[in-house]
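First the proteins, then the strands, lettered A, B, ... as listed; each starts at 1.
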Number of protein chains: 2
Amino acid sequence: MSRAQPTTDAATAAREEILQAAAELFTDLGYALTSIDAIAERLGATKGRVYYYFKSKADIFFDIQRAAMARLMAEVEPIARSTLGPADKLRGMAEAHLGMLLADLPIQKVSVQGLERYLFHSSGYRYVNELREINQLRDTYEQIFAEVIDQGAREGVFSDMPPRLLTKPFFGALNWVTVWYRPRKLQDAQSNRMIVETLVSFAMQGIQKEPDHEPKSG
Amino acid sequence: MSRAQPTTDAATAAREEILQAAAELFTDLGYALTSIDAIAERLGATKGRVYYYFKSKADIFFDIQRAAMARLMAEVEPIARSTLGPADKLRGMAEAHLGMLLADLPIQKVSVQGLERYLFHSSGYRYVNELREINQLRDTYEQIFAEVIDQGAREGVFSDMPPRLLTKPFFGALNWVTVWYRPRKLQDAQSNRMIVETLVSFAMQGIQKEPDHEPKSG
DNA sequence: AAATTAGCATACTGATTGGTATGTTGATCT
DNA sequence: AGATCAACATACCAATCAGTATGCTAATTT
């Protein structure tokens with residue numbers, strides 16, 4: 001089998017450990033400034049280990065994206081499939097989404113911000129397929145939210161602006177957490193609950209139908 | 001005067017041109033992957049020109065940040081000083097803020113996303129002062145919004161969550177535009193108005209006081 | 001117990017790039 | 001009209017780093 005993707009549990013765990021370390025460095029330094037040597041050093045190892053499990057730096061990057069999207073999807077899709085009404089369903093999805101961002105911050109941070117352009121423009125068209133794959137995943141994920149928003153709009157509880165446009169500030173209010181949030185040593189559980197509560201409430205309010213300013217009559 | 005910052009109009013224009021080109025490349029490639037040669041090439045020049053006006057790549061980066069914050073502040077502060085009520089004032093500030101993001105996209109994009117960490121962690125403590133300066137500017141700017149939100153909360157029209165926390169999804173809904181927006185060749189004026197309208201309305205609704213779910217009585 | 005191989009470490013290379021040192025030239029001053 | 005200098009261009013260097021080639025060792029297989 002030469003040296004394709006290893007499939008044993010041990011190999012999967014080893015890959016996961018590398019992805020985690022790489023994600024932390026990517027979020028601190030950015031993709032370009034993160035050297036393979038630095039990733040290896042964080043694991044107490046050397047380049048040899050990294051290149052044994054991944055064939056290139058870009059390969060690591062794209063695997064982080066796939067992992068991030070897969071985890072989000074696994075949490076959110078079941079809620080989207082449920083029989084809840086649009087408002088409760090969307091709230092549940094938002095809580096799951098934001099909860100995953102905070103629980104898996106380094107990897108989600110790499111994924112959620114638009115870092116792909118680095119590779120896209122810099123290395124010409126070498127990674128076109130991978131970029132399209134990731135964009136496809138993200139698009140599908142966003143579409144799940146857009147459909148719930150659309151249904152809510154048709155039922156008259158959500159704003160009737162184009163659903164695809166409404167997903168932008170909706171995700172913005174939530175995803176922006178990856179820009180400003182810094183994990184503290186203590187007091188995380190409670191303050192995280194408050195963050196989730198505040199951001200999700202904000203996003204849900206934002207998407208609500210605008211009340212008439214002057215209700216002239218019934 | 002050796003070679004400190006030039007102060008003539010021509011020199012200011014030359015610096016501005018470099019900042020613009022650098023900002024466009026930074027947003028496409030990221031800081032690390034943008035070479036000084038590439039910046040110069042975009043201007044039809046060579047390194048010599050760039051290093052005549054800026055002493056280092058980091059110097060360019062920080063000047064972009066200063067310019068971005070100065071322009072936002074110039075648009076928003078007059079509105080904050082006006083005598084409008086909290087709701088109208090905040091809406092005006094949001095429109096001015098978002099309008100400036102779209103009008104000055106490359107430079108604002110570099111500023112608004114959290115790209116500072118690249119330099120901070122990578123180059124040790126060499127740019128601590130500049131980073132503190134930029135963080136200070138951003139903090140002051142955010143504080144202007146927080147005060148309006150606080151006033152609105154005291155008057156009972158805005159949510160009574162901590163104002164500093166509320167600014168996060170508020171800016172998130174607006175600033176996220178720098179992540180997803182791609183300028184088109186045509187049809188910009190009208191679609192931009194719709195974007196501003198949708199995002200600002202979303203943000204304003206999000207910050208509103210939650211209506212009681214079951215209004216028991218009058 | 002000999003052979004093989006998985007799981008790394010070590011050594012090396014070519015390409016890129018930030019920064020500097022040194023030209024070059026047209027304009028301005030004297 | 002010579003001197004000066006602003007505004008660049010050119011040439012060069014030292015450091016960094018992705019990727020490769022090879023070496024080593026403990027486990028597993030035979």
Grab the NZ-P distance between A:Lys47 and D:dT16 for me, whole Å please. 13 Å
Rounded to whole Å, please give me the gap between CG in A:Leu33 and P in D:dA15. 18 Å
Rounded to the Å, how far apart are A:Ile18 CD1 and C:dG7 P? 12 Å
Begin from the C-alpha positions of A:Lys89 and A:Glu77 and carry the test salt bridge (Lys or Arg N to Asp or Glu O under 4.0 Å) through to its verdict. CA-CA 11 Å; A:Lys89 181 184 285 188; A:Glu77 210 189 9; over 6 Å; no
Atom CG of B:Leu29 and atom P of C:dT17 are separated, to the nearest Å, by 10 Å
To the nearest Å, how far apart are B:Asp59 CG and C:dG19 C1'? 13 Å
Between D:dA18, C:dG18, D:dT10, which one does the side chain of B:Thr46 approach most closely? D:dT10
Within the 6.0 Å centroid threshold, strictly below: B:Phe171 and B:Phe145: yes
For residues B:His97 and B:Phe170, establish whether the separation of their ring centroids is below 6.0 Å. no
Ionic contact status for A:Arg49 with A:Glu17, cut-off 4.0 Å: yes
C:dG7 C1' sits how many Å from A:Arg15 CZ, rounded? 15 Å
Heavy-atom nearest nucleotide on DNA chain C taken for B:Lys57 and for B:Gly48; more 5' hit belongs to B:Lys57
Once you round it to whole Å, what is the distance between C1' of C:dC8 and OH of A:Tyr52? 8 Å
Base, sugar-phosphate or nothing for A:Ala14? Non-hydrogen atoms, less than 4.0 Å. nothing
If I take atom OH in residue A:Tyr53 and atom P in nucleotide D:dG19, what distance separates them, rounded to the nearest angstrom? 19 Å
Just to be sure I understand the rule, does A:Ser35 reach a base, reach only the sugar-phosphate, or reach nothing, if contact means heavy atoms closer than 4.0 Å? sugar-phosphate
